[in-house]
Amino acid sequence: MRTAAVLVTAGSLLLTAPAAAARTPASASASEARGTAVAAARAASAGIDFGPCAKEQELPPTVECGTLRVPLDYARPDGERIRLTVSRSRATGKDPATGRAVPRQGSLVHNPGGPGASGMHFPMTGVVPGWKRLAAAYDLVGYAPRGVGRSAPLSCVDPKTFHQGPAPAPRHPSAEVKRERAARAAAYARGCAERSGDALRHYTSLNNARDLDVLRAALGETRLTFLGSSYGTYIGALYATLFPSHVRRMVFDSAVNPAPERIWYRNNLARSAAFEGRWADFRAWAARHHDVYGLGDTARKVRDSYDRVRERLAREPAGGKVGPAQLHTAMLGAAYYDDHWPQRAHALSAYLRGDPGPLVEQAEEHPEAAAEAENTRAVYLAVECNDAPWPTDFAVWDRDNTRLARRAPFETWHNVWTNLPCAYWPAPRQRPLDVRAGKGALPPTLILAAERDAATPYDGALELHRRLAGSALVTERDAGSHGLAGGAGACVNEHLTAYLLEGRVPGRRASCAPPPAPEPAPPAA
């Protein structure tokens, strides 16, 4: 289950989007609060009619599926409603070690992050050894948030045109490249509006949190037990602020920084800075295993090897499919997860030795996955662009990221091109909710974080911990994999299990040693 400490100055860079571009938070609207209550009451009465999953969901018979109807606009609960897909595996009721009966504790709902990721496969984790105790006590519930998959899906371009084939990825783009990418971003934003119409404005994090409360009611739960990973932690933080009396237990795994001024432009600057540190972690590991991969016996020499690969791919894409942009996307996986390191190092090594096969296998874009990839990007941008003000003048993006790229070139401009449609977004912007819970407002909650996580830098966990009174923070020291729950860290998983099964937290703060670094795999493996 994944999704998904580097102190940076990016968060202090000036955000110059005009205040007039944002509207009052939807949470402040009494009509939307009433609409959520109406929708939850209807859902509690109707429940969810679970049955066999659709064939295209590719789920085993042990998982059942259903749909949940929620308002498109919570201010108009009697207006248009959309259907969200939901999956569930029933609690086994038996301790996996002793076979003794285990009392059911209700539903454990998971959101894997994104925005744009589907949690429909989450119930399958119940067969994994580390999850069997939880699967004995809980129904494991996943769902596809609004816009994702079969849940009122969003699209901004024709999926057939989404993968454009081998593409460049300059670390320091020219003025001409910047103009071209800005024009492309503006066209993408227009496409989102043209394909979705007025409905586009209703795909927001606040509505995701409201949907979660309707799901809770439909499952027959008085209070919610929730595991949010990566962006899912932000949905959880909003939920805890909007519906504190509805929280039973809540896990924040790899927490987004919820400070309103960080949503989402500054958080993305911080991510770009943090990825430079994780890219250095991978290169240092590869250098320690120079005898296996031959990429160089220092991190700098490994970077030189990587640059040689980029330059060759710019001249001649591997297999006619993989250019520098596809290479970067593959290597970004190594910055997310340590267990990707051996495969990525092997692919670089094999390519430099004359075998492009492993690199093509790991980095090529698959046409059959284009529709899912396009949907994921559409939802990601709809939510983040709608959630908050963004700079509307490209000169601001150019200034901030040119400065940042001087010391963090690995991810900076790639991240800009991903988010730049938000500069031209046609839907109204919201002002982010001030996430917080005072003493006694919530039951104890659990935050899991790795110090060197780049996708959700560690300062986000510290900020969330500060804002939620009574929360406990478990830190995996000197580690950087994104998404800790159910991963390689036995210490973290012990805290997770104790909390979800017994409601027990390790005081205010606890720390865990990092998991062992991955073992290298020889190029011939």
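Throughout, numbering of the chain's residues begins at 1 and tracks the sequence.
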(request) State whether a side-chain donor-acceptor pair under 3.5 Å links Asn419 with Tyr380. (result) yes
(message) Is there a side-chain contact between Asp253 and Leu496 in this structure, where contact means two heavy atoms from C-beta onward sitting under 4.5 Å apart?
(response) no
(message) salt bridge (charged side-chain N to carboxylate O under 4.0 Å, His left out) for Asp307 and Arg171? Distances and angles first, verdict last.
(response) CA-CA 11 Å; Asp307 287 343; Arg171 290 182 183 141; 2.6 Å; yes
(request) Take Val148 and Asn375, measure what side-chain contact (heavy atoms from CB on, under 4.5 Å) needs, and give me the verdict at the end. (result) CA-CA 7 Å; Val148 177; Asn375 171 241; 4.3 Å; yes
(request) Compute whether any side-chain donor of one residue and acceptor of the other, for Asn386 and Trp425, lie under 3.5 angstrom apart. (result) yes
(message) ring-ring contact (aromatic ring centres under 6.0 Å, His included), that's the test. Do Tyr293 and Trp341 meet it? Break it down for me.
(response) CA-CA 11 Å; Tyr293 300 111; Trp341 291 358; over 10 Å; no
(message) Under a 3.5 Å distance rule, please check whether Gln326 uses its side chain to pair with a backbone N or O of Ala167 as donor and acceptor.
(response) yes
(message) Taking CZ in Arg466 as the centre, count heavy atoms belonging to other residues, nucleotides or ligands within less than 6.0 Å. Is the count above 12?
(response) yes
(request) Could you check if a side-chain atom of Leu59 sits within less than 4.5 angstrom of a side-chain atom of Cys65, using non-hydrogen atoms only? (result) yes
(request) Begin from the C-alpha positions of Glu56 and Arg150 and carry the test salt bridge (charged side-chain N to carboxylate O under 4.0 Å, His left out) through to its verdict. (result) CA-CA 10 Å; Glu56 54 265 35; Arg150 294 156 58 91; 2.6 Å; yes
(request) Check whether any side-chain heavy atom of Trp390 lies under 4.5 Å from a side-chain heavy atom of Asn268, and answer yes or no. (result) yes
(message) Could you report the tightest heavy-atom contact between Tyr351 and Leu359, atom names first, then the distance?
(response) CD1-CD2, 3.9 Å
(message) Between Tyr188 and Arg377, is there a side-chain heavy-atom distance shorter than 4.5 Å?
(response) yes
(request) Might you confirm whether atom CD of Glu361 has over 12 heavy atoms from other residues, nucleotides or ligands at distances under 6.0 Å? (result) no
(request) Give a yes-or-no answer on whether the side chains of Tyr143 and Ser151 include a donor-acceptor pair shorter than 3.5 Å. (result) no
(message) Quick one: does any side-chain atom of Ser471 pair with a main-chain N or O of Thr445 as donor and acceptor, under 3.5 Å?
(response) no
(request) Would you indicate whether the side-chain heavy atoms of Cys156 and Leu381 approach each other to under 4.5 Å? (result) no
(message) With a 3.5 Å distance limit and no angle check, can you tell me whether Arg283 reaches the backbone of Ala299 through a side-chain donor-acceptor pair?
(response) yes
(message) Pair Lys301, Asp304 - check salt bridge (charged side-chain N to carboxylate O under 4.0 Å, His left out), show working.
(response) CA-CA 5 Å; Lys301 291 179 181 178; Asp304 291 342; over 6 Å; no
(request) Return the set of residues passing ring-ring contact (aromatic ring centres under 6.0 Å, His included) with His328 (not counting sequence neighbours), or none when no residue passes. (result) Phe410, His414
(request) For salt bridge (charged side-chain N to carboxylate O under 4.0 Å, His left out), just list the numbers for Arg312 and Glu316, CA-CA rounded to whole Å, side-chain angles, deciding distance to a tenth of an Å, and then say yes or no. (result) CA-CA 6 Å; Arg312 290 187 192 178; Glu316 182 179 357; over 6 Å; no
(message) With a 4.5 Å cut-off on side-chain heavy atoms, are Val322 and Gln362 touching?
(response) no
(request) Would you check if the side chain of Ser481 reaches a backbone N or O of Asp338 as a donor-acceptor pair within less than 3.5 Å? (result) yes
(message) Under the criterion side-chain contact (heavy atoms from CB on, under 4.5 Å), I'd like the reasoning laid out for Tyr306 against Phe282: C-alpha separation, chi angles, the key distance, then a yes or no.
(response) CA-CA 12 Å; Tyr306 176 71; Phe282 165 73; over 6 Å; no
(request) Just do the ring-ring contact (aromatic ring centres under 6.0 Å, His included) check on Phe275 and Tyr336 with the steps written out, would you? (result) CA-CA 9 Å; Phe275 270 117; Tyr336 271 86; 5.4 Å; yes
(message) Measuring from atom CZ of Arg303 to atom CZ of Arg310, what distance do you get when rounded to the nearest 0.5 angstrom?
(response) 11.5 Å
(request) Check the surroundings of atom CD in Glu519: do more than 12 heavy atoms from other residues, nucleotides or ligands lie under 6.0 Å from it? (result) no
(request) Enter the distance from Glu476:CD to Leu484:CG here, rounded to the nearest 0.5 Å. (result) 5.0 Å
(request) Report yes if some heavy atom in the side chain of Asn111 is under 4.5 Å from a heavy atom in the side chain of Phe226; otherwise report no. (result) yes
(message) With heavy-atom distances below 4.5 Å as the criterion, would you say the side chains of Ser89 and Met124 are in contact?
(response) no
(request) Could you tell me whether a side-chain N or O of Thr412 sits under 3.5 Å from a main-chain N or O of Pro409, the two making a donor and an acceptor? (result) no
(message) Treating Arg344 as the side-chain partner and Gly333 as the backbone partner, does any N or O pair qualify as donor plus acceptor under 3.5 Å?
(response) no
(request) Verify whether one side chain among Asp158 and Thr161 offers a donor that lies under 3.5 Å from an acceptor in the other. (result) no
(message) Please determine whether a side-chain nitrogen of the Lys or Arg among Glu311 and Arg315 lies less than 4.0 Å from a carboxylate oxygen of the Asp or Glu.
(response) no
(request) Answer yes or no: are there more than 12 heavy-atom neighbours, outside Arg195 itself, under 6.0 Å from its atom CZ? (result) yes
(message) Please check: side-chain N/O of Arg504 versus main-chain N/O of Ala498, any donor-acceptor pairing under 3.5 Å?
(response) no
(request) Please confirm whether the backbone N or O of Arg133 pairs with a side-chain atom of Asp95, one donor and one acceptor, at under 3.5 Å? (result) no
(request) Would you list the pairs meeting disulfide bond (SG atoms under 2.5 Å apart) in which at least one residue belongs to residues 329-414, sequence neighbours left out? (result) Cys385-Cys422
(request) Any chance you could measure Asp453, atom CG, to Asp459, atom CG, to the nearest 0.5 Å? (result) 10.5 Å
(request) Please test His465 against Phe252 for side-chain contact (heavy atoms from CB on, under 4.5 Å), starting from the C-alpha separation and ending with a verdict. (result) CA-CA 10 Å; His465 182 44; Phe252 304 91; over 6 Å; no
(message) Looking only at side-chain N and O atoms, does Ser205 offer a donor or acceptor that is under 3.5 Å from a partner on Asp387?
(response) yes
(message) Quick one: does any side-chain atom of Asn493 pair with a main-chain N or O of Gly487 as donor and acceptor, under 3.5 Å?
(response) yes
(request) Start with the C-alpha distance between Phe394 and Trp397, add both sets of side-chain angles, then the distance that settles ring-ring contact (aromatic ring centres under 6.0 Å, His included), and finish with yes or no. (result) CA-CA 5 Å; Phe394 179 72; Trp397 297 67; 7.5 Å; no
(message) To the nearest 0.5 Å, what is the distance between CD1 on Ile447 and OG1 on Thr475?
(response) 9.0 Å
(message) So, taking the atom named CZ in Arg266 and the one named CD in Glu261, what distance separates them when rounded to the nearest 0.5 Å?
(response) 6.5 Å
(request) Decide whether Ser229 and His110 meet the rule of one side-chain donor and one side-chain acceptor closer than 3.5 Å. (result) yes
(request) Show your working on side-chain contact (heavy atoms from CB on, under 4.5 Å) between His495 and Cys512 and close with a plain yes or no. (result) CA-CA 10 Å; His495 287 300; Cys512 292; 3.9 Å; yes
(message) More than 12 heavy atoms of other residues, nucleotides or ligands under 6.0 Å from CD of Gln57: yes or no?
(response) yes
(request) Consider only side-chain N and O atoms of Tyr234 and Asn267, and report whether a donor and an acceptor are under 3.5 Å apart. (result) no
(request) Return yes if some donor-acceptor pair links the side-chain N/O of Glu374 with the main-chain N/O of His163 below 3.5 Å, else return no. (result) no
(message) Using 0.5 Å steps for rounding, measure from the CH2 atom of Trp264 to the CZ atom of Arg271.
(response) 9.0 Å
